[in-house]
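To start, the structure under review is shown below, and the notes come after it.
As the structure is a prediction and not an experimental result, all values here were calculated from the model.
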Amino acid sequence: MLVLQAVRENREDLIKALKKRNIDPEPLLNKVSELDEKRRAIQTQMDATLAQLNATSKEIGILFKSGKAEEAKELKEKSVQFKEESKKLGEELNAVTSALDETLYLIPNVPHHLVPDGKSTEDNEEVMREGDIPVLKEGALPHWELAKKYDIIDFELGVKITGAGFPVYKGKGAKLQRALITYFLDKNTAAGYREIQVPHLVNAASGFGTGQLPDKEGQMYHVTADDLYLIPTAEVPVTNVLRDTILQAKDLPVCYTGYTPCFRREAGSYGAHVRGLNRLHQFDKVEIVRVEEPANSYKALDAMVEHVKGILRELKLPFRVLRLCGGDLGFTSALTYDFEVFSTAQDKWLEISSVSNFETYQANRLKLRYRDENGKTQLAHTLNGSSLALPRVLAGILENYQTEKGIRVPEVLIPYTGFEIID
RNA sequence: GGAGGAAUGGCAGAGUGGUCGAAUGCGGCAGUCUUGAAAACUGUUGAGGGUCACACCUCCGGGGGUUCGAAUCCCUCUUCCUCCGCCA
């Protein structure tokens, strides 16, 4: 959620930046300004009325104590009027405040100046590309065929148990997956991220804090009996650890890493591009989350990008990094880098990580603040990134590491899997 | 799931209708003293709105109510503790 003060003070800059998202922000911002002014006017009026009410009540108290009941009676009548008036104003204030909030929820985060113009994924800016794309021999298979051939991932079995998009990992497939999770967590921990295990269901307040609610309710599985949501990413519970918190400057940065399964409804898309591991309703992901002082947050974003690069280099997977354009940028993000690995057999890039700086957009909703050197409370910046999402990494490994004898295990993972080849 | 008790500032803990945003202690910060530190002493120390700055307003788990006036009374929800039941 945008900070109101920014709307008041930097209107023109906001409009210019928001236009990168190919939206016309002016009507919404106008509405915000209008409601904001209205709110303040009502508040001022109400405060004045309450002040009178308070003063009158105090007087009544004093009069009663000194036995002047008659005079008190007169004042009582007066205070009833103040009360009615303040009640009326209070209702108006509530109405205007919720209208203001609802309008603010409709405005996405302000893109950073590095965000390129553009409408769709086509316009994302490739900032680097690394690693050799292996030349596969005749008869090389896409990962879903490999999964079947070596009996390591069973998509049909998942359909039986649950439904499409809930695969079952078996044998060395399961072990490889577990190896990846541990490897990622170890890498993140070594880089200074504290490992944390969080609930996989969250309440509405948490969903709201990170921006999944109220807008994207349909993307999450909702457990209606208890009004809880299955997490679409560890970002939600991990970032909400610090909801409603005031940190000390010396506590920053806060760096967390957590492994969780992720659940996404992603209704309505079927076909070749969701085949195999490309898109699932349940998948595993290791996430990194940081809370930073505003002055450091972009340095932190770069550090996170470098960190993810390091992992992909060790895995020896060909990858590229994209800076998302205005049209593809997530609602709550100010700047996002996507990582994609090359799926050789499918001959396409698969997104395996998304690293974003949300600046104060989430923090404002979360009431996540810190006390600066002057003792003033300020909104912190929140960032997160995948390091990494499992299924597509697995797909990349299966396809890029396939040989006639079987699928080789990337060298860094052998200590974790305990085997060198899937055959 | 059943019965009882509780929820107050960073923490501990008073306050049961009137000048209480809240005693006191600990902690934090600043100062005095000291070569320095500790101890001692003095002051200061919640969040949000509002204002150029004051004033002023809101917040004592959440929501609603009674009253001229609520941390204090009533209703309701949530959470925690104790006991019983069930259970990985």
At less than 3.5 Å, do the side-chain atoms of A:Asn54 and the base atoms of B:G69 form a donor-acceptor pair? no

Counting the atoms with a prime plus P, OP1 and OP2 as sugar-phosphate, which does A:Ser79 contact under 4.0 Å by heavy atoms, base, sugar-phosphate, or nothing? sugar-phosphate

Just call it for A:Lys367: base, sugar-phosphate, or nothing, with non-hydrogen atoms closer than 4.0 Å on any strand. nothing

In Watson-Crick or G-U wobble terms, both distances under 3.5 Å, what is the partner of [N]?
| N | answer |
| --- | --- |
| B:G61 | B:C77 |
| B:A12 | B:U24 |
| B:U32 | B:A40 |

Taking atom [atom1] in both [N] and [M], compute the distance separating them and give it to the nearest angstrom.
| N | M | atom1 | result |
| --- | --- | --- | --- |
| B:C11 | B:U45 | C1' | 14 Å |
| B:C20 | B:C59 | C1' | 13 Å |
| B:G28 | B:G1 | C1' | 45 Å |
| B:G10 | B:C60 | P | 14 Å |
| B:A22 | B:C57 | P | 13 Å |
| B:G27 | B:C33 | C1' | 22 Å |
| B:G13 | B:C26 | P | 15 Å |
| B:A14 | B:U8 | C1' | 10 Å |

Given [options], identify the nucleotide with an atom nearest to the side chain of [X].
| X | options | answer |
| --- | --- | --- |
| A:Lys58 | B:U51, B:G48, B:U19 | B:U19 |
| A:Val80 | B:A47, B:C68, B:G49 | B:C68 |
| A:Lys83 | B:U67, B:G49, B:A47 | B:U67 |
| A:Arg40 | B:G69, B:G46, B:U51 | B:U51 |
| A:Ile246 | B:G49, B:A47, B:G69 | B:A47 |
| A:Arg8 | B:G50, B:U67, B:A47 | B:G50 |
| A:Leu50 | B:C57, B:G49, B:U51 | B:C57 |
| A:Asp47 | B:G48, B:G49, B:U58 | B:G49 |

For A:Leu322, is there any backbone N or O sitting under 3.5 Å from a side-chain donor or acceptor partner on A:Asp338?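 Not confirmed, A:Asp338 side chain does not pair with A:Leu322 backbone.
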
Taking atom [atom2] of [N] as reference, at what distance in whole Å does atom [atom1] of [X] sit?
| X | N | atom1 | atom2 | result |
| --- | --- | --- | --- | --- |
| A:Met46 | B:A55 | CE | P | 19 Å |
| A:Asp251 | B:G28 | CG | P | 15 Å |
| A:Lys87 | B:U58 | NZ | C1' | 18 Å |
| A:Gln81 | B:U67 | CD | P | 17 Å |

Given salt bridge (charged side-chain N to carboxylate O under 4.0 Å, His left out), test A:Glu314 with A:Lys187 step by step and report yes or no. CA-CA 10 Å; A:Glu314 281 198 355; A:Lys187 290 296 289 181; 3.0 Å; yes

With a cut-off of under 6.0 Å to the ring centre and 45° to the axis, is A:Lys175 in cation-pi contact with A:Phe419? no

For A:Tyr256, is the NZ or CZ atom of A:Arg290 found under 6.0 angstrom from the centre of its six-membered ring and inside 45 degrees of the ring axis?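 Pair A:Arg290/A:Tyr256 does not count as cation-pi.
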
Would you say the ring centroid of A:Tyr105 lies under 6.0 angstrom from that of A:Phe208?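 For A:Tyr105 and A:Phe208, the ring centres are under 6.0 Å apart.
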
With a 6.0 Å cut-off on ring centres, are A:Tyr298 and A:His381 close enough?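 No - the distance between ring centres of A:Tyr298 and A:His381 does not fall below the 6.0 Å cut-off.
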
Can you see whether A:Asp186 engages A:Tyr416 through a side-chain donor-acceptor pair at a distance of less than 3.5 angstrom?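 Their side chains do contain a donor-acceptor pair, which is all the 3.5 Å distance test asks for.
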
The answer to which of A:Ala51 and A:Arg369 contacts RNA chain B further toward the 5' end, by nearest nucleotide, is A:Arg369

Of A:Asn94 and A:Ser57, whose closest RNA chain B nucleotide lies nearer the 5' terminus? A:Ser57

